[in-house]
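Here is the structure we will look at, set down as structure tokens.
Naming: A, B, ... by sequence-line order, numbering from 1 per chain. Quantities reported herein were computed from a predicted structural model and do not represent experimental measurements.
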Number of protein chains: 2
Amino acid sequence: MTRQSRNPYIVQPVMKALKVLELVARHGHEIALTAVGKELRIPKTTTFRYLQTLSEAGFLTHNQETDKYNIGPLMRSIARADASVSKIRQLARPAMIELMNEFNETVNLAVKGDGTIVYIDLVEANRSLRMQARIGDSHPMHSTALGKAILAFLPEAEKQRQLDRPLTERTGRTLLEREEIERQLRMVAKQGYATESGENEDGAMCIGAPIMDENRYPVAALSISAPLMRMPRPLAAKAGARLREVAQAISGHLGSDAGIPPA
Amino acid sequence: MTRQSRNPYIVQPVMKALKVLELVARHGHEIALTAVGKELRIPKTTTFRYLQTLSEAGFLTHNQETDKYNIGPLMRSIARADASVSKIRQLARPAMIELMNEFNETVNLAVKGDGTIVYIDLVEANRSLRMQARIGDSHPMHSTALGKAILAFLPEAEKQRQLDRPLTERTGRTLLEREEIERQLRMVAKQGYATESGENEDGAMCIGAPIMDENRYPVAALSISAPLMRMPRPLAAKAGARLREVAQAISGHLGSDAGIPPA
DNA sequence: AACTTGCGTTTCGTGCTATGGAATTTGTAT
DNA sequence: ATACAAATTCCATAGCACGAAACGCAAGTT
């Protein structure tokens with residue numbers, strides 16, 4: 001059986017199951033077990049097992065009525081999340097570079113995870129002393145300006161749910177009192193941006209504003225972070241105003257235009 | 001190792017590799033081998049092989065620079081195709097039912113495949129004698145009204161590429177002469193709909209109009225099919241006009257509105 | 001109604017290959 | 001230059017993926 005090319009690390013069951021997944025997904029409609037097996041020249045017993053596994057994992061669905069298979073919810077949800085992140089990053093990048101040049105501090109972009117914010121892009125300041133997260137890092141919502149900016153604009157129910165969880169204490173200054181946090185969030189909602197001073201990382205501060213999707217749901221946030229000493233109050237206020245402005249512009253573009261045209 | 005629950009047809013390597021795929025895709029950003037293994041409690045050797053396989057299959061990409069993995073092009077392309085098909089079908093369905101009632105003949109919806117058209121939906125006429133394709137079937141472009149409607153509005157380069165391939169002869173009336181086909185396509189482009197008489201199936205005819213995306217690229221087509229005897233010229237012309245109208249309305253909706261809002 | 005056909009599901013024994021510990025290489029930080 | 005971490009390669013083992021064949025079920029045929 002002349003199967004895989006050169007790479008000796010290919011796991012055949014996985015590779016073949018992926019072919020099945022691709023075929024079903026590409027087919028665009030319900031397709032039956034036998035049809036899949038015939039097309040890919042895989043014995044029906046094996047095809048059966050792959051389809052079962054793919055369905056169990058949520059990548060496919062198995063229609064009990066017709067005994068046929070189709071794309072599953074997981075596939076769609078992953079794709080949707082990915083597309084959204086790509087779009088936000090793409091829209092935000094030019095503005096982030098602009099902001100970095102304006103303030104000469106690191107600019108961060110993060111999306112809302114579950115109870116956390118996840119950095120998806122950052123433009124680093126050209127300075128020796130700088131605070132920096134890494135793309136992919138996740139931090140608690142309540143201890144970061146990015147998170148507070150998102151929290152403040154979340155629907156009430158979800159906001160409460162987030163605050164119900166145990167709140168980790170990142171530094172001595174991290175806010176842990178429910179009352180205190182809610183008070184701050186009301187102010188954030190009013191002024192349109194959030195600030196944080198040494199609550200997430202000692203000696204660092206951060207200013208953040210939310211990015212909303214077409215339903216005014218805060219899906220992401222933009223921030224400027226700097227050492228405390230380099231960011232006096234007036235400058236922070238100026239940064240906040242600019243962030244709010246830029247984040248709103250990005251939000252405006254999020255609902256509208258289509259992506260890349262097909263090949 | 002107590003792994004999978006009840007279903008005895010689960011193939012472990014496949015299931016575990018899918019968990020890896022999901023983790024990487026969900027992470028939203030490049031992630032390293034070790035991190036994946038640690039998260040899922042899979043030994044790194046095995047994780048390595050899964051990542052290799054997933055990458056080879058195109059579901060992930062392996063960034064040589066950073067030695068990290070991310071969502072691959074295949075995943076995106078499948079998702080994009082699926083979303084597009086779902087949207088078209090959803091938009092077209094009401095209009096198709098309307099058309100079926102109007103003419104009491106089968107109405108078909110197909111998307112452009114590579115060199116073929118693929119049926120993605122159909123509303124069957126309530127008659128005993130009816131021609132019918134099945135969802136998922138694919139037919140050549142040059143022998144169907146659906147295909148000709150799409151061909152006529154394809155960018156010149158792609159149209160030529162399609163006609164360069166060997167053209168299969170479906171019936172005695174199938175057009176095979178390049179000259180003849182091109183002449184017809186020019187007429188289709190002018191009148192906005194295509195017709196086909198016994199060129200794909202003996203005794204059947206079909207009238208089709210293209211559905212365009214926001215870039216005026218013909219991604220799909222709508223058609224009415226009937227036995228030749230039930231579709232005299234004047235009726236065919238009337239059907240063509242209606243199809244053009246309806247297809248244009250659908251095209252108009254394709255570019256605009258957003259999908260389902262996030263949960 | 002008996003028969004056939006086609007498909008999904010189940011069973012089961014065999015041998016292949018997926019596996020993961022350990023060794024090695026590569027790359028990076030100190 | 002050295003240490004550390006991370007990726008890749010090696011290898012021996014047994015666990016389980018595989019597919020032929022049998023089974024059950026439903027739809028269509030005579």
Side-chain angles (χ1 to χ4, degrees), chain A residues 1-21 23-24 27 29-57 60-70 128 130 132 134-137, chain B residues 1-21 23-24 27 29-57 60-70 128 132 134-136:
Chain A
M1 277 283 107
T2 161
R3 270 266 149 247
Q4 239 352 98
S5 46
R6 31 202 142 279
N7 193 333
Y9 298 111
I10 297 299
V11 180
Q12 257 101 340
V14 173
M15 182 55 94
K16 286 191 282 183
L18 290 173
K19 297 289 181 206
V20 170
L21 174 57
L23 179 76
V24 175
H27 192 259
H29 319 282
E30 294 199 333
I31 184 171
L33 162 58
T34 312
V36 176
K38 220 168 264 178
E39 181 80 24
L40 272 61
R41 305 283 176 73
I42 298 177
K44 64 176 174 177
T45 310
T46 306
T47 308
F48 175 63
R49 277 189 277 246
Y50 291 162
L51 288 170
Q52 290 287 319
T53 307
L54 289 162
S55 301
E56 183 93 13
L60 295 181
T61 53
H62 180 218
N63 184 340
Q64 299 283 353
E65 294 281 332
T66 60
D67 245 317
K68 291 183 174 180
Y69 298 84
N70 206 342
S128 49
R130 53 193 171 172
Q132 56 187 344
R134 291 176 148 246
I135 292 181
D137 282 358
Chain B
M1 276 285 102
T2 163
R3 268 270 149 245
Q4 234 0 90
S5 46
R6 31 203 140 278
N7 194 331
Y9 299 111
I10 298 298
V11 181
Q12 258 101 337
V14 174
M15 182 54 96
K16 286 191 280 181
L18 290 174
K19 296 289 181 207
V20 170
L21 173 58
L23 180 75
V24 176
H27 192 259
H29 319 281
E30 293 200 332
I31 184 170
L33 161 58
T34 312
V36 176
K38 219 168 268 178
E39 182 81 24
L40 295 167
R41 307 282 177 77
I42 298 177
K44 63 178 174 176
T45 310
T46 306
T47 307
F48 176 64
R49 276 188 278 246
Y50 291 162
L51 288 169
Q52 290 287 317
T53 307
L54 289 162
S55 301
E56 183 93 12
L60 295 181
T61 52
H62 180 214
N63 184 339
Q64 299 284 352
E65 295 280 333
T66 59
D67 244 314
K68 291 181 173 179
Y69 299 83
N70 206 342
S128 51
Q132 57 186 342
R134 293 178 145 245
I135 291 181

Practice task
Measure the shortest side-chain to side-chain distance between B/Thr47 and B/Leu40 over non-hydrogen atoms and say whether it is less than 4.5 angstrom.
Solution key: no
On DNA chain C, more 5' by nearest nucleotide between A/Asp67 and B/Asp67 is A/Asp67
- Check whether any side-chain nitrogen or oxygen of A/Tyr9 sits under 4.0 Å from OP1 or OP2 of D/dT8, and answer yes or no. no
Taken to the nearest 0.5 Å, the spacing of B/Thr53 OG1 from B/Phe48 CZ works out to 9.5 Å
In numerical order, the residues of residues 31-39 of chain A whose heavy atoms come under 4.0 Å of DNA chain D are none
Under 4.0 Å from OP1 or OP2 of C/dA18: is there any side-chain N or O of A/Gln12 that close? yes
Closest non-hydrogen atoms of B/Lys44 and B/Leu33, given as atom of the first, atom of the second and distance, are O-CD1, 3.8 Å
Out of C/dT11, D/dT8, C/dA18, minimum distance to the side chain of A/Val11 belongs to C/dA18
All heavy atoms of A/Val36 vs all of A/Val24, minimum pair found to be CG2-CG2, 4.1 Å
Heavy-atom closest pair (A/Leu23 atom, A/Ile31 atom, distance to 0.1 Å) is CD2-CD1, 4.4 Å
Check: protein-nucleotides 21-26 of chain C nitrogen or oxygen pairs below 3.5 Å:
from: C/dG21; atom 1: O6; to: B/Thr45; atom 2: OG1; distance (Å): 3.2

In whole angstroms, the gap separating C1' of C/dT19 from OH of B/Tyr50 amounts to 8 Å
Only residue of B/Asn70, B/Asn63, B/Thr61 satisfying side chain to side chain donor-acceptor pair (under 3.5 Å) with B/Glu30 is B/Asn63
note: B/Met15, atom CE; C/dA18, atom C1'; distance rounded to Å ~ 17 Å
**Asked** If you measure only the distance, is there a donor-acceptor pair under 3.5 Å linking the side chains of B/His62 and B/Asp67?
**Response** yes
d(B/Ile42 CD1, B/Lys19 NZ) to nearest 0.5 Å is 10.0 Å
B/Lys68 NZ to C/dG27 C1', in whole Å, measures 13 Å
Rounded to whole Å, CG of B/Leu40 lies from P of C/dT19 at a distance of 14 Å
Rounded to whole Å, the CD-P distance (A/Glu65 to C/dC7) equals 19 Å
B/Glu56 CD to D/dT8 P, in whole Å, measures 14 Å
To the nearest 0.5 Å, atom NZ of A/Lys68 lies from atom CG of A/Leu51 at 13.0 Å
B/Leu51 CG to D/dT9 C1', in whole Å, measures 16 Å
Here the distance between atom P of D/dA7 and atom CD of B/Gln52, to the nearest Å, is 11 Å
